[in-house]
Amino acid sequence: MSAAKIKLENIKGELFLGVDAGSTAAKAVLINQDKAIAYSYYNSNNGNPLQSVIEILKDIYERLPQSVQIVGACVTGYGEALIKAALNFDCGEVETIAHYKVAYHFNPKVSFILDIGGQDMKCIYVKNGLIDKIILNEACSSGCDSFMQNFAQSLNYTTHDFAELALFAKKPVDLGSRCVVFMNSKIKQAQKEGAGA
């Protein structure tokens, strides 16, 4: 089940803004009272979550019809407190609760949510409609978005192309799951041993 979409220029009435100010990416969505998506955004925050959200807001207000008003704004993610205070958002929500609410909206029988974030990974187990257990990765950020993004760029790949290469690799290399320092050493060792795409 996916959310309905409407064109921003055709919208009337009130809108609600949601922002995820992550450690590596900024995401935003505008929905109307029927929960139809009028605007969405996803891009790297280039290490500056506040500036990224300011740019999103500028883009929204340039395109927003004059008859439309944003009546509520909520932020989640790594930059939640900063964005809420700096840009006067109405509320902030803890990431795990935000993930659960969205997953439950689309599937009330949701039992497991995996969040691969910029700095950590969270496994959220849901039982009888309530969050039962949350597990965070034990090692540091190896395997998380920021490490993958930086490593892909160092090889002149986009993250998307890098992930596709990994998924369809004929001879994948087990690099372990320890911290980034050890992961980088394992990568160099695998390259010396002839690993490639």
Side-chain angles (χ1 to χ4, degrees), residues 1-45 49-50 52-57 59-61 63-65 67-137 143-146 148-149 159-160 163 167:
M1 176 171 136
S2 61
K5 293 186 179 180
I6 49 175
K7 291 187 177 179
L8 187 58
E9 56 269 21
N10 297 339
I11 203 159
K12 293 175 182 167
E14 299 176 335
L15 292 175
F16 303 89
L17 172 66
V19 170
D20 181 357
S23 60
T24 58
K27 286 87 74 185
V29 66
L30 267 177
I31 62 171
N32 69 2
Q33 291 174 326
D34 298 322
K35 299 179 184 165
I37 297 172
Y39 173 94
S40 63
Y41 175 95
Y42 180 96
N43 208 346
S44 169
N45 66 21
L50 178 58
S52 295
V53 175
I54 289 170
E55 294 303 319
I56 291 168
L57 293 174
D59 183 47
I60 289 171
Y61 281 108
R63 300 169 59 186
L64 206 61
S67 60
V68 177
Q69 185 178 11
I70 297 173
V71 295
C74 188
V75 60
T76 191
Y78 172 80
E80 174 199 335
L82 172 65
I83 304 302
K84 185 173 182 250
L87 301 176
N88 202 25
F89 272 50
D90 299 304
C91 65
E93 184 65 86
V94 176
E95 273 182 280
T96 49
I97 299 300
H99 290 315
Y100 168 69
K101 286 181 178 181
V102 170
Y104 183 84
H105 171 76
F106 288 105
N107 180 5
K109 293 182 180 177
V110 63
S111 61
F112 179 77
I113 302 161
L114 177 63
D115 170 25
I116 301 176
Q119 298 298 326
D120 61 25
M121 289 184 278
K122 294 181 262 313
C123 298
I124 305 166
Y125 292 87
V126 180
K127 189 174 182 181
N128 300 322
L130 299 171
I131 294 176
D132 182 52
K133 178 170 56 172
I134 299 172
I135 299 175
L136 209 61
N137 57 316
C144 297
D145 185 48
S146 61
M148 295 297 186
Q149 186 178 40
T159 307
H160 179 269
L167 285 171

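- For the pair Thr76 and Ile97, the minimum side-chain heavy-atom distance is 4.5 Å or more.
- With values rounded to the nearest 0.5 angstrom, Ile124 atom CD1 is found 11.0 Å from Ile135 atom CD1.
- The minimum heavy-atom distance between Lys12 and Val68, with the atom names listed, is CA-CG2, 4.1 Å.
- Heavy-atom minimum distance, His99 versus Asp115: NE2-OD2, 3.1 Å.
- Side-chain contact between Ile83 and Leu50 is present, with heavy atoms from C-beta onward closer than 4.5 Å.
- To the nearest 0.5 angstrom, Leu8 atom CG is 6.5 Å from Leu30 atom CG.
- Closest heavy-atom contact between Cys123 and Phe112: CB-CE1, 3.7 Å.
- Distance check, rounded to the nearest 0.5 Å: OH of Tyr42 to NZ of Lys27 gives 5.5 Å.
- Evaluation of the salt bridge (Lys or Arg N to Asp or Glu O under 4.0 Å) rule for Lys101 yields Glu93 as partners, not counting sequence neighbours.
- Counting only distance, with no hydrogens or angles, the side chain of Asn32 and the backbone of Asp34 share a donor-acceptor pair below 3.5 Å.
- Side chains of Tyr78 and Asn45: no donor on one and acceptor on the other come within 3.5 Å.
- For the atom pair Glu95 CD and Asp20 CG, the distance stands at 6.0 Å (nearest 0.5 Å).
- Looking only at side-chain heavy atoms (C-beta outward), Leu64 and Tyr39 stay at 4.5 Å or farther from each other.
- Distance check, rounded to the nearest 0.5 Å: CG of Leu57 to OG of Ser52 gives 11.0 Å.
- Between Asp90 and Phe16, every side-chain heavy-atom pair lies at or beyond the 4.5 Å cut-off.
- With rounding to the nearest 0.5 Å, the separation of OG1 in Thr96 from CD1 in Ile134 is 4.0 Å.
- Distance alone, capped at 3.5 Å, is enough to place a donor-acceptor pair between the Tyr100 side chain and the Gly129 backbone.
- Between Leu15 and Ile60, the closest side-chain pair of non-hydrogen atoms is not below 4.5 Å.
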